[in-house]
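Working notes, beginning with the structure itself.
Just so you know, residue 1 is the first one in the sequence shown, and it goes up from there.
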Amino acid sequence: MTADTTGVNATTKGADAIDEAIAKGIDFDGTPIPTAKLELYTKVMALEANRQRSGVSNTMRSRIIRIGAKHIPQAELDQLLIEAGFAPLKEKDIAFFYGGK
């Protein structure tokens with residue numbers, strides 16, 4: 001088995017897979033990401049990089065909800081948040097992440 005150096009068929013799993021593909025400018029299927037999309041992404045990410053943060057726990061909770069809602073049922077995620085010492089799901093979290101399900 002040989003290592004793939006083109007980025008095609010590289011792993012598409014894990015949080016870093018997207019960042020690695022963006023850095024290479026190549027989508028998972030091997031096609032180039034259009035320059036306009038890369039430029040807009042870079043611009044928005046630079047704005048985000050300069051934003052003052054509210055705290056690590058708040059960011060952790062937000063990420064847990066944003067990602068957890070894709071994989072964990074609402075009641076279970078709510079219970080897991082409470083057990084871990086985070087605030088439970090708020091109505092706006094439920095409406096945004098679970099409202100259409």
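- Here the CD1 atom belonging to Ile65 is positioned 11.0 Å from the CD1 atom belonging to Ile72, to the nearest 0.5 angstrom.
- For residues 47-62, the salt bridge (Lys or Arg N to Asp or Glu O under 4.0 Å) pairs, not counting sequence neighbours, are Glu48-Arg51, Glu48-Arg53, Arg61-Asp93.
- Under the 4.5 Å side-chain heavy-atom criterion for grouping Ile, Leu, Val, Met, Phe, Trp and Tyr, Ile64 is not connected to Ile82 through any hydrophobic cluster.
- Every side-chain contact (heavy atoms from CB on, under 4.5 Å) that Ile33 has, sequence neighbours left out, goes to Asp27, Lys37, Leu38.
- When the side chains of ILVMFWY residues are joined at heavy-atom separations under 4.5 Å, either directly or via intervening members, Val44 and Ile22 end up in a single hydrophobic cluster.
- For the pair Leu89 and Leu77, the tightest heavy-atom approach, listed with the atom from each and the gap, is CD2-CD2, 4.4 Å.
- Linking Ile, Leu, Val, Met, Phe, Trp and Tyr residues whenever their side-chain heavy atoms come within less than 4.5 Å leaves Ile67 and Phe96 in two separate clusters.
- Shown here for Ala69 and Tyr98, the closest heavy-atom pair between the two residues is CA-OH, 3.3 Å.
- Of the residues Met45, Lys43, Glu39, the one that meets the side-chain contact (heavy atoms from CB on, under 4.5 Å) test with Tyr41 is Met45.
- Residue pairs meeting the side-chain hydrogen bond (donor to acceptor under 3.5 Å, both in side chains) criterion with at least one member in residues 74-92, sequence neighbours excluded: Gln79-Glu83.
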